[in-house]
Amino acid sequence: MMKSDDTASFLYSIAKRGRKYYLRLCTITQDVGDFMRSPYGVPIVTNSSLQLLLKQSPSSIDLLQKTFNHTEKKKYLLL
């Protein structure tokens with residue numbers, strides 16, 4: 001859904017408006033870079049009350065470290 005601007009915008013609007021109605025939104029991806037490269041995805045991820053990051057690809061780890069302000073130790077653990 002994050003590859004298309006229309007669907008990414010829709011998901012973003014659900015995430016923003018849903019809080020007023022106590023909506024819980026769960027997004028799952030195999031490549032967190034899909035969210036990090038989208039202007040709609042970054043606010044969805046950073047405003048989430050819970051982020052679960054498992055093993056990450058080396059190509060997206062620097063972007064994750066910058067976004068979540070991870071230390072080098074956390075960065076190593078995610079690799």
Side-chain angles (χ1 to χ4, degrees):
M1 289 184 76
M2 298 309 295
K3 291 184 179 184
S4 167
D5 279 343
D6 291 337
T7 54
S9 172
F10 175 70
L11 192 58
Y12 172 77
S13 67
I14 288 175
K16 287 293 192 178
R17 291 186 200 152
R19 289 185 288 176
K20 297 174 191 171
Y21 304 104
Y22 304 104
L23 176 77
R24 294 180 189 204
L25 177 66
C26 179
T27 56
I28 300 171
T29 183
Q30 289 181 329
D31 185 11
V32 74
D34 291 341
F35 278 88
M36 297 292 110
R37 287 187 289 271
S38 169
Y40 298 108
V42 173
I44 292 171
V45 172
T46 56
N47 288 322
S48 298
S49 61
L50 176 68
Q51 298 99 11
L52 177 63
L53 299 171
L54 301 175
K55 185 176 178 181
Q56 300 295 314
S57 103
S59 63
S60 62
I61 195 68
D62 290 329
L63 185 56
L64 280 173
Q65 182 183 20
K66 182 180 175 186
T67 303
F68 293 108
N69 199 21
H70 285 167
T71 62
E72 288 296 319
K73 184 176 181 179
K74 285 185 184 178
K75 176 182 170 181
Y76 175 75
L77 289 173
L78 288 173
L79 288 172

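Note that the structure is a prediction, hence the values are computed from the model and not measured.
Leu63 is connected to Ile61 through a chain of hydrophobic side-chain contacts under 4.5 Å among Ile, Leu, Val, Met, Phe, Trp and Tyr, so both are in one cluster. No continuous path of hydrophobic side-chain contacts links Met36 to Leu54 [ILVMFWY only; heavy atoms under 4.5 Å].
To the nearest 0.5 Å, atom OH of residue Tyr40 and atom CG of residue Asp6 are 8.5 Å apart. In this structure, CD1 on Ile14 lies 11.0 Å from OG1 on Thr27, to the nearest 0.5 angstrom. Distance check, rounded to the nearest 0.5 Å: CG of Leu78 to OG of Ser57 gives 11.0 Å. Atom CE of residue Met1 and atom OG of residue Ser38 lie 11.0 Å apart, to the nearest 0.5 angstrom. Atom CG of Leu11 and atom CD1 of Ile44 lie 4.0 Å apart (nearest 0.5 Å).
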Next item on the list: Mind running salt bridge (Lys or Arg N to Asp or Glu O under 4.0 Å) on Asp31 and Lys3 for me, showing each step along the way?
Entry: CA-CA 12 Å; Asp31 185 11; Lys3 291 184 179 184; over 6 Å; no
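Across every non-hydrogen atom of Leu79 and Pro58, the tightest pair is CD2-CA, 3.8 Å. Listed here is the closest heavy atom pair of Ser60 and Val32: OG-CG1, 4.3 Å. Here the shortest heavy-atom pairing between Ala8 and Met2 reads CB-CE, 3.9 Å.
Although no hydrogens or angles enter the test, the distance criterion places no donor-acceptor pair under 3.5 Å between the side chain of Gln56 and the main chain of Leu53. Side-chain atoms of Ser13 come within 3.5 Å of backbone N or O of Phe10 as a donor-acceptor pair.
For residues 57-79, the ring pair (Phe, Tyr, Trp, His ring centres under 6.0 Å) pairs, not counting sequence neighbours, are Phe68-His70.
Residues satisfying the salt bridge (Lys or Arg N to Asp or Glu O under 4.0 Å) criterion with Lys75, sequence neighbours excluded, are Asp62.
Within the 4.5 Å cutoff, side-chain heavy atoms of Glu72 are placed close to those of Gln65.
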